[in-house]
Amino acid sequence: PSGVTSTLKRRPIAADRTNTLRDYNERLEGRDLLNLVVVGHVDAGKSTLMGHLLVKLKVVDDRAMHRNRTEAARLGKDSFSFAFVLDESEEERSRGVTMDIAQAQFKTKTKIVNLVDAPGHKDFIPNMINGAAQADVGILVVDSRRGEFETGFEYGGQTREHALLLRSLGVSQLICAVNKMDTIEWSQERFEEIVKKLSAFLKPSGYKDADVTYVPVSGWAGENLITPNSPPLSWYNKDESTSNTTVNGVIHGATLVDLIDRLKPPERPISKPFRLCISDIYRATGVGAGTVSIAGRIECGGVEVNERAILRPSNDQVTIKSIQIENTNVTSAFAGDTVTLNIQGVDPTHLFIGNVICDPEYPIPCATVIQARIIIFNISVPIIPGTPAVFHFKSMQEQAKIMTLVEELDRLTGELKRRNPRLLPKNSSGVIELVLHRQICCELYSDVKELGRFMLRQSGLTMAAGIITRIIA
Ligand code: GDP
């Protein structure tokens with residue numbers, strides 16, 4: 001058969017890297033690095049919850065919080081003062097929605113957490129995909145108020161779509177924060193009702209029971225975020241017989257932070273070749289001529305200051321002049337780190353978001369024709385050969401066309417249903433060949449998960465999620 005089915009050789013970690021690897025482990029202080037995305041229906045309270053959490057963890061100091069309160073009051077939006085911690089831009093503040101992805105970092109006992117706050121507004125789903133594509137784990141926030149939970153969950157709301165999207169993008173662990181408990185008198189009955197509804201949906205969506213937990217919280221009141229024994233949740237705390245054991249995903253007494261602490265760390269593919277997918281490009285400041293700053297997450301391998309790398313697809317040879325993590329200079333960085341690199345030697349006209357900086361000895365493949373396995377969402381018109389779509393991959397979007405329908409598969413078992421189907425209907429699964437308008441740098445899902453998964457959208461709706469199974473051309 002034509003096409004590349006595996007490209008990736010494992011690169012041994014060079015002896016001269018073991019020192020920097022030790023630095024890396026020291027930087028993590030024995031903690032695991034976790035990229036966390038927060039999703040849920042608009043107004044479920046995502047920004048307020050995470051904003052209040054950052055305040056309680058003292059990531060945001062009192063002065064900044066005071067500023068947020070004053071600013072919120074000035075705009076007549078007092079109830080958004082915690083959300084302002086994350087909603088940075090003036091436009092977001094005045095509209096009261098989170099439009100772009102704000103990033104913050106916090107530490108718990110066992111984790112260093114990079115927070116990707118994804119927006120909940122319908123128009124902004126592409127941004128949410130970018131956030132989700134960087135995530136290892138997710139928090140799904142739901143509004144517990146009667147009617148509100150149902151709006152977000154049952155009647156065209158985003159709760160289900162977000163949960164499905166996350167799962168399709170490889171996120172397998174989920175914390176469901178049942179929020180605004182203050183508005184329902186901290187009701188155990190209502191909490192349990194919501195847990196039941198969510199778990200009945202999440203299980204057939206591909207989430208294993210053991211990987212989903214549920215926690216009652218109030219982001220606004222700050223209850224059950226980091227301090228245990230939240231007084232109004234006495235039914236949740238005092239149940240001695242069940243404390244610290246998981247019953248249907250509920251661990252009585254566990255706070256939101258406890259649940260984050262209990263998440264399993266993702267695999268860090270540090271022994272694979274270096275790949276960083278560019279999500280932002282800046283002009284470098286004061287580092288010398290010919291230097292450009294780029295930002296992104298290291299998907300695999302590692303990089304050191306003064307190392308050489310190449311830019312794909314242009315093949316410009318570059319030198320890494322400096323590496324920053326969270327505005328601090330470091331000498332090396334590895335898979336899972338979100339970094340800014342100053343690079344020299346690149347022709348700025350060759351540089352685009354979605355390009356990849358990588359190991360020159362093991363360059364990443366570039367493709368215009370790929371084979372992929374996709375899961376199709378609840379679309380109104382079936383997919384046929386020639387169906388156009390927008391290909392969402394990492395931080396980029398590209399025009400694409402579904403050229404060939406290779407197979408229809410059983411959605412749940414993955415077994416072959418028919419070859420060369422005439423169409424792929426809603427809620428089905430299949431293998432397709434996809435032609436991209438322009439070259440993209442990608443990997444097979446089996447080689448590097450993070451660089452092998454994508455979404456297909458059309459007229460503002462998500463059609464399908466997929467993984468790359470073969471690079472054809
Ligand atoms: P997002 O769109 O999911 O980020 O939601 P926001 O964090 O912007 O919150 C939407 C609205 O819900 C704001 O007016 C918040 O003050 C309010 N809100 C958020 N969390 C809570 C909560 O725990 N209790 C109450 N009563 N209101 C909340």
Side-chain angles (χ1 to χ4, degrees), residues 36-56 60 65 68-104 115-125 127-128 131-132 138-153 157-163 165-166 174-187 190-191 194 198 214-227 230-233 236 255-257:
L36 172 76
V37 69
V38 182
V39 299
H41 193 65
V42 61
D43 283 347
K46 298 176 292 297
S47 307
T48 302
L49 181 68
M50 298 324 284
H52 207 153
L53 183 67
L54 294 179
V55 171
K56 289 219 167 221
V60 178
M65 195 53 219
N68 287 325
R69 284 216 179 84
T70 321
E71 179 69 3
R74 185 178 70 80
L75 294 166
K77 293 194 166 289
D78 300 77
S79 75
F80 286 95
S81 53
F82 286 113
F84 275 19
V85 170
L86 288 158
D87 300 353
E88 295 267 344
S89 77
E90 186 73 26
E91 192 188 352
E92 284 173 34
R93 290 183 168 194
S94 56
R95 293 182 59 181
V97 290
T98 315
M99 291 200 331
D100 221 332
I101 297 167
Q103 242 178 345
L115 180 65
V116 192
D117 179 50
H121 196 280
K122 214 169 189 148
D123 301 349
F124 308 130
I125 280 237
N127 293 347
M128 185 252 157
I139 295 182
L140 176 69
V141 182
V142 298
D143 185 336
S144 60
R145 285 178 297 173
R146 208 157 274 290
E148 293 300 326
F149 170 76
E150 285 72 15
T151 302
F153 187 63
Q158 285 125 42
T159 311
R160 284 168 196 260
E161 189 180 16
H162 283 187
L165 276 174
L166 275 191
L174 199 62
I175 297 171
C176 298
V178 180
N179 191 31
K180 309 199 186 180
M181 289 295 293
D182 57 305
T183 61
I184 54 156
E185 287 155 355
W186 315 93
S187 159
R190 176 67 172 157
F191 173 74
I194 289 172
L198 283 174
Y214 303 86
V215 60
V217 290
S218 167
W220 180 252
E223 290 295 344
N224 209 28
L225 306 187
I226 67 169
T227 320
S230 156
L233 287 167
Y236 178 74
T255 61
L256 179 61
V257 164

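Any value given below was found using the heavy atoms of this structure, including those in side chains, with hydrogens, waters and symmetry copies removed. In listed order, ligands and their atoms are each counted from 1.
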(message) Within the 4.0 Å heavy-atom shell around S47, which atoms of ligand 1 are there?
(response) 4 (O), 7 (O)

(request) With rounding to the nearest 0.5 Å, note down the distance linking CG in L140 to CG in N179. (result) 11.0 Å

(message) Under a 4.0 angstrom heavy-atom cut-off, which atoms of ligand 1 come close to D43?
(response) 1 (P), 2 (O), 3 (O), 5 (O), 10 (C)

(request) For ligand 1, find out whether one of its N or O atoms is nearer than 3.5 Å to an N or O atom of V42. (result) no

(request) Tell me yes or no: between the side chains of E223 and S230, is some donor less than 3.5 Å from an acceptor? (result) yes

(request) Measure across V217 and N224 and return the closest heavy-atom pair with its distance rounded to 0.1 Å. (result) CG1-O, 3.7 Å

(request) Quick one: closest heavy-atom pair of T255 and L225, and the distance? (result) CB-O, 3.4 Å

(request) For atom 27 (N) of ligand 1, state which one of R145, K180, M181 supplies the nearest heavy atom. (result) K180

(message) I'd like to check whether L49 has a polar contact with ligand 1, where a contact means an N/O of the residue lying under 3.5 Å from an N/O of the ligand.
(response) no

(request) Can you see which heavy atom on A177 is nearest to which on L49, and at what distance? (result) CB-CD2, 3.9 Å

(request) Give the numbers and elements of all ligand 1 atoms closer than 4.0 Å to a heavy atom of T48. (result) 6 (P), 7 (O), 9 (O), 15 (C), 19 (C), 20 (N)

(message) Please check whether K46 reaches ligand 1 - meaning an N/O of the residue sits under 3.5 Å from an N/O of the ligand, judged on distance alone.
(response) yes

(request) Of all the heavy-atom pairs spanning H41 and T159, show the shortest one and how long it is. (result) CB-OG1, 4.0 Å

(message) With heavy-atom distances below 4.5 Å as the criterion, would you say the side chains of V215 and I175 are in contact?
(response) yes

(request) Output yes when the distance from some N or O of ligand 1 to some N or O of G219 is under 3.5 Å, and no in every other case. (result) yes

(message) Could you check whether any side-chain heavy atom of C176 comes within less than 4.5 Å of a side-chain heavy atom of Y214, counting everything from C-beta outward?
(response) yes

(message) I'd like the name of whichever of G51, G45, A72 reaches closest to atom 5 (O) of ligand 1 through any heavy atom.
(response) G45

(message) Any atom of ligand 1 sitting under 4.0 Å from a heavy atom of A44?
(response) yes

(request) For ligand 1, note which part of V141 has a heavy atom under 4.0 Å away: side chain, backbone, both or neither. (result) neither

